[in-house]
Each structure stands twice: as C-alpha cells, then as structure tokens.
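Atom set for the values below is all heavy atoms of this structure, side chains included, hydrogens, waters and symmetry mates excluded. By convention in this document, chain letters (A, B, ...) are assigned in the order of the sequence lines, proteins followed by strands, and residues within each chain are numbered from 1.
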Amino acid sequence: MNGFADTLLDWFDRHGRKDLPWQQDPTPYRVWVSEIMLQQTQVGTVIPYYQRFMDRFPTIDDLAEAELDEVLHCWTGLGYYARARNLHKTAALVANSGFPTDQAGLEALPGIGRSTAGAIRALAHAQHAVILDANVKRVLARFHAIVGHTAEARTLEQLWAHAERHTPARRTAEYTQAIMDLGAMLCTRGAPKCTECPLIDECTAYQTHRVGEFPHPRPKRVKPVRQARMYVITTPDGACLLEQRPNKGIWGGLWTPPERSAATTPDEICSEVGIHCDSVTESRIAPRFRHTFTHFHLDIEPYYLCLDAEPALIAEGGRWQWYRPGQNRPVGLSAPAVKLLATLDQFELS
DNA sequence: GACACGTGGCT
DNA sequence: TAGCCAAGTGT
C-alpha cells in the first residue's frame, strides 16, 4: 500500500496533463528529446521548439544523419546549447547499437543523467524508475519539510531516498507525470494552491504553517560581470558578418557577430577579419546589453561598423559567414544575436 | 563541491 | 524591478 502514490494517481486521473505533445505516441526517441529540452526549461517554452524539432527530425536516424549546424539552428533561442550538441552526438552513437533501456546504459550517454534516464525508463518503457526534477524536489521538500537547499549533496540524498520510496511499481509512468503536474500546477514556487492539493493532510510544511520556508533558498552569491564587445559589421545590402563560436563556452557552436574584449579596437577587428579598414566607417556605438546568467552577467557593447562596398571575402575555414535576412540564412544564429541585430535596426544605424 | 551553461516567467 | 528560479548535466 502506498498512500502517497495512490492519492497522487487519483488526483492525476481528474486533473493531470494528458495532452502534452510528447505524451502522444511516447516512443523512447520522442520522450528522450522532450526530456532533454525540458531540462531547466519550462513546458510552455519547450512546446513550439519540440514541434519544430519533431517536424524536422521525425526519427532518431533523421537526427543522426543531420548536420550539427542544423540541429543547433532548431535549438536557437532555447538555451543550454550543449544539450543540442549532446543530442546529436547521442543520436549518432546509438544509431547502430540501438537506444539503451537500462539505467546505466542511458546514463552513459552524453546529456542523460540520473533523472533524465529515470524519466525515459518510466515514461517510454513503463519501467519502475525514479525521477527527481525541480517539481519533485519542491513537492518532496515541502511534504517532508526537508532542510537545506536542493543543490546540497546531503539534501539531494534525502530527496532521492524519498522519491524512490514514493514511486510505485505499478502505473509508474502516470505517477511520474502526476508528481510533476502537482509541482507545476499546484505546488508552485510562489503562491502554491495548497487548498486544492490532495496531499494537504500529510504535508508537513502545510500542517506546520511553513510552506513558504521550503525548499530552502540557494545561498546568495555575488555574480561577476564579464565585459565584451560585439562587432556588428554590415554591408550596404544589409548583410551582417557572423563568426562561428567554439563549442565550449557561451552560445557554443552558434553564429554571432564577432565578440572580442572591450579593449579591442575597430581597426584590430577589421584587420583580423580581413576587411580593409579604409573601406569601413564607424557609424556609432550602440547601447550596452546585459545578459544575466546563473553565475555571471555578460555586458555586451555592440560596436557598429558599416562597409562602403560589399567585400568579396571572407570564409576562412568556414569560420566567417555573411548573414542576409531572408536568404542564405546562417544556422544557429543565437537569439541574443537576433535581438541585438533587431534592436540595432531600430536605431536606424548606417 | 563549485561552477558553467540560456532564456523566459514570475513577483 | 531586480532577483530568483525552472522537466539537470558535464567538468
């Protein structure tokens, strides 16, 4: 007998989400892609990306045979681009050997950790497997009034133990969806709907009037600020020079205007790119844009340059490319870069 | 254990 | 509004 799971399953039958795109035809491939996209990303953000991705890569073979650039292009704007690179790598890895169905085999694949492996097993294979995502963490932290923030090893250990104890061997897929739905729909971070919660009678945090205390917040940390300059170089016909970034680091593998340290001068970047400086006129310095990430702020100062004539050049080893809106679209142009270009457009530069 | 990795939602 | 957080994993 498992009161926790039975209560949750009963609630799920009446209120749970059953029409999410990846719940229709939940094959291992479709569940896997959805779980990767859903890492640190909310459902509403994922849905349009998931549908476009599945239209373009209906099977794992389609994904394995595709160029990484095209996969990154589909991912542009979703963030955490290592997920896309790992997805592509994994597709190629398992194209011949087949997709593993056991915990260890799944966890050995790039981008799949303990929780994602559990989700694939539970949701796609109806196995008795356990997940621990942010929703489950929040529900369990409140239900058991668990002390400590959820990144701490000691706290994680307790959360995993509770998660394993609660997860039933029967209807595991539905239970998995149920506890995530509870976290997303009722047991939310702010203003949880406790009076609608089926677990209200057993919830330690609620019964002791301490719902607001759990889960404990992450300790504050001062975020360093990184400054950089992004050179927006355009031609008279509206093309913009892009550089493919290294796979490591921010916006890995994506195409953005060339980014250099704030100390770099326009002359230096023109010389490096191979543009003749006498054919370039500095138009103006655009406003700064600040991107806030988990552990740092990125201050980018776009530096806008306009060429007098369209140069013949560039493409040294495929690292450079001209982006022309509406044609010859580069792959993986990052959302920040798109916004940067659009915003600069509004300033009527040139 | 600490940190890197993105973008958008929420208060 | 500025800060916190979200269907976590890799190094």
Side-chain angles (χ1 to χ4, degrees), chain A residues 17 20-23 26 31-50 72 75-87 89-90 106-120 122-123 130-139 141 148-157 159-160 163 176-185 187-192 212 215-224 226 245-254 256 289-298 300 332 334-339:
Chain A
R17 294 178 291 191
L20 297 170
W22 42 89
Q23 293 178 311
V31 170
W32 168 52
V33 171
S34 76
E35 288 302 325
I36 300 297
M37 284 191 172
L38 287 160
Q39 287 171 0
Q40 298 284 282
T41 311
Q42 296 181 343
V43 168
T45 303
V46 163
I47 287 176
Y49 282 89
Y50 182 79
L72 284 171
W75 211 271
T76 295
L78 196 54
Y80 285 135
Y81 300 95
R83 295 184 295 176
R85 297 195 299 272
N86 286 335
L87 212 53
K89 190 190 294 183
T90 295
L106 286 165
E107 283 188 36
L109 296 171
I112 300 181
R114 184 173 178 182
S115 187
T116 300
I120 294 171
L123 298 175
V130 183
I131 66 158
L132 186 64
D133 69 351
N135 289 306
V136 180
K137 285 176 183 171
R138 195 167 51 250
V139 170
H149 70 277
T150 53
E152 250 175 288
R154 196 181 127 64
T155 312
L156 272 177
E157 202 177 320
L159 288 168
W160 272 112
T176 298
Q177 190 62 50
I179 192 165
M180 286 192 288
D181 286 355
L182 191 84
M185 298 164 66
C187 198
T188 51
R189 182 164 73 92
H216 284 6
R218 174 185 298 273
K220 289 195 211 318
R221 196 161 295 141
V222 180
K223 290 180 183 174
R226 299 180 192 170
R245 309 174 67 97
N247 278 340
K248 206 177 162 88
I250 199 79
W251 304 321
L254 274 63
T256 72
F289 296 86
R290 168 170 281 204
H291 303 272
T292 301
F293 301 107
T294 311
H295 295 290
F296 65 96
H297 299 289
L298 181 60
I300 288 186
S334 80
V338 171
K339 284 176 195 162

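Separating the CZ atom of Arg114(A) from the P atom of dG10(C) is a distance of 14 Å, rounded to the nearest angstrom. In this structure, CD of Gln23(A) is placed 15 Å from P of dA7(C), rounded to the nearest angstrom. Atom P of nucleotide dT1(C) and atom CZ of Arg290(A) are separated by 15 Å, given to the nearest angstrom. As a whole-Å value, the separation of Arg154(A) CZ from dA2(B) C1' is 19 Å. Rounded to whole Å, atom P of dG8(C) lies 18 Å from atom CH2 of Trp32(A). The CD atom of Glu152(A) sits 7 Å away from the P atom of dG1(B) (whole-angstrom rounding). What separates CZ of Arg221(A) from C1' of dA2(B) is a distance of 7 Å, to the nearest Å. To the nearest angstrom, C1' of dA7(C) lies 8 Å from CH2 of Trp22(A).
Across dA2(B) and dC5(C), the matching P atoms stand 16 Å from one another, rounded to whole Å. Here the separation of dA7(C) from dC5(B), taken at their P atoms, is 22 Å to the nearest Å. Using atom P as the reference point in both dT9(C) and dG8(B), the two lie 22 Å apart (nearest Å). Spacing of P atoms, dG6(B) relative to dT1(C), comes out at 26 Å, to the nearest Å.
Atom NE2 of His216(A) sits about 8.5 Å away from atom OG1 of Thr155(A), to the nearest 0.5 Å.
Put simply, Arg218(A) has no side-chain N or O that comes within less than 4.0 Å of OP1 or OP2 on dG3(C). Between Lys223(A) and dG3(C) there is no side-chain polar atom (N or O) within less than 4.0 angstrom of OP1 or OP2.
Using a 3.5 Å distance cut-off with no hydrogens or angles, the side chains of Ser334(A) and Arg245(A) do not pair a donor with an acceptor. Between the side chains of Arg83(A) and Asn86(A), no donor N or O sits under 3.5 Å from an acceptor N or O.
Using a 4.0 Å heavy-atom cutoff across all strands shown, Leu298(A) reaches no nucleic acid atom at all. Residue Glu107(A) is out of contact with every strand shown, counting any heavy-atom pair closer than 4.0 Å.
No donor-acceptor pair under 3.5 Å is formed between the side chain of Arg114(A) and the backbone N or O of Glu107(A). Lys137(A) places no side-chain N or O within donor-acceptor distance of the main-chain N or O of Ala151(A), the cut-off being under 3.5 Å.
Of all heavy-atom pairs spanning Gln39(A) and Gly111(A), the tightest one is NE2-O, 3.2 Å.
Between Met180(A) and Asp133(A), the closest side-chain pair of non-hydrogen atoms falls below 4.5 Å.
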How does each nucleotide of nucleotides 4-11 of chain B score, in 5' to 3' order, for protein heavy atoms under 4.0 Å: base (B), sugar-phosphate only (S), or none (-)?
BBBBSB--
